[in-house]
Amino acid sequence: MSIGLDRNALAQQLDQLVDGLAEQHFGLVDNFFTGEEVDTLLNEFEAYQQQDEFKKAGIGQQDDFQVNKKIRGDHIRWIEESDTHLSFFAEKIRTLIDFLNQTCYLGLKDFEAHFAVYPEGTFYKRHLDQFHQDKNRQITILCYLNKEWTEADGGQLRLFFPEGENEKTLDILPKAGRLLIFRSDKLEHEVLLTHKERYSIAGWLLDKPKTLSFLA
Ligand code: OGA
Ligand code: NI
């Protein structure tokens, strides 16, 4: 019974995500991850932090530390198949992939994702997520893990939409349980200066299996 209800709620969320993607270039749902799931993700986050598994994130081929720091200040830890505590996460993302393939014919095959922590005082300047040399990334997914986050905490995700000669922006709070999806090759975005440590999972839905990405 309760599984039936959960399935139904998930089906509605998937509809909402795809409608958003089709109509306004991004899809957003709250409570995609339950409070309990957010806690599990935060616990894993903390364990990996304690094991010193987070590394300063890079930007494409660029590995100049000083240049990097002016562009992005997050530390990341990639999610791996062997992270068995996170199988519920992978399962939900695979459900999303199947749904996008059925409804939008995207031909998605796989995903990659990492935990990201933005220490206080960091940001990620405006960018696109698809690299010129590797067009494997089709859809960006962002899962937020911050409880009780307010405007005053900063760290909003700013989305940029071209509108003729002008552009429009929209700022989104990185609230726990929230999931955002958009086209990795189309939507420019940035993470505004955060005034508190900020936790998220950033992922990409891929049009090739991860193991074949060297063929890109
Ligand atoms: C990224 C990114 C945004 C966020 O990792 O490419 O844009 O809100 N992250 O964490
Ligand atoms: Ni990005």
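Note that ligands are numbered from 1 as they come in the structure, with each ligand's atoms numbered from 1 the same way.
Contact annotation: the side chain of D171 never approaches that of L157 to less than 4.5 Å [non-hydrogen atoms, C-beta and beyond].
For the pair D52 and R77, the salt-bridge criterion is not met [side-chain N within less than 4.0 Å of a carboxylate O]. Using a 4.0 Å cut-off between charged nitrogen and carboxylate oxygen, E190 and K125 do not count as a salt-bridge pair.
For the side-chain hydrogen bond (donor to acceptor under 3.5 Å, both in side chains) with H189, the lone residue among R158, R126, H127 that qualifies is H127.
A centroid separation of less than 6.0 Å is found between the aromatic rings of Y199 and F45.
Every protein residue with a heavy atom nearer than 4.0 Å to ligand 1 is included here: Y118, Y124, H127, D129, L142, Y144, L157, H189, V191, R198, S200, A202, W204.
Residues V117 and F33 share a single hydrophobic cluster, defined by chaining ILVMFWY side chains whose heavy atoms lie under 4.5 Å apart.
Excluding waters, the set of protein N, O or S atoms lying under 2.8 Å from the Ni ion (ligand 2) comprises H127 NE2, D129 OD1, H189 NE2.
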Checklist entry - Should E36 and F88 be marked as a side-chain contact (heavy atoms from CB on, under 4.5 Å) after you check the CA-CA gap, both sets of side-chain angles, and the distance that decides it? => result CA-CA 12 Å; E36 208 176 308; F88 75 90; over 6 Å; no
Checklist entry - Run the side-chain contact (heavy atoms from CB on, under 4.5 Å) check on Y144 and R198 step by step: do they pass? => result CA-CA 9 Å; Y144 293 114; R198 175 193 191 271; 3.4 Å; yes
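Annotation: cation-pi pair K168/F160 absent, no NZ/CZ under 6.0 Å from the ring centroid and within 45° of its normal.
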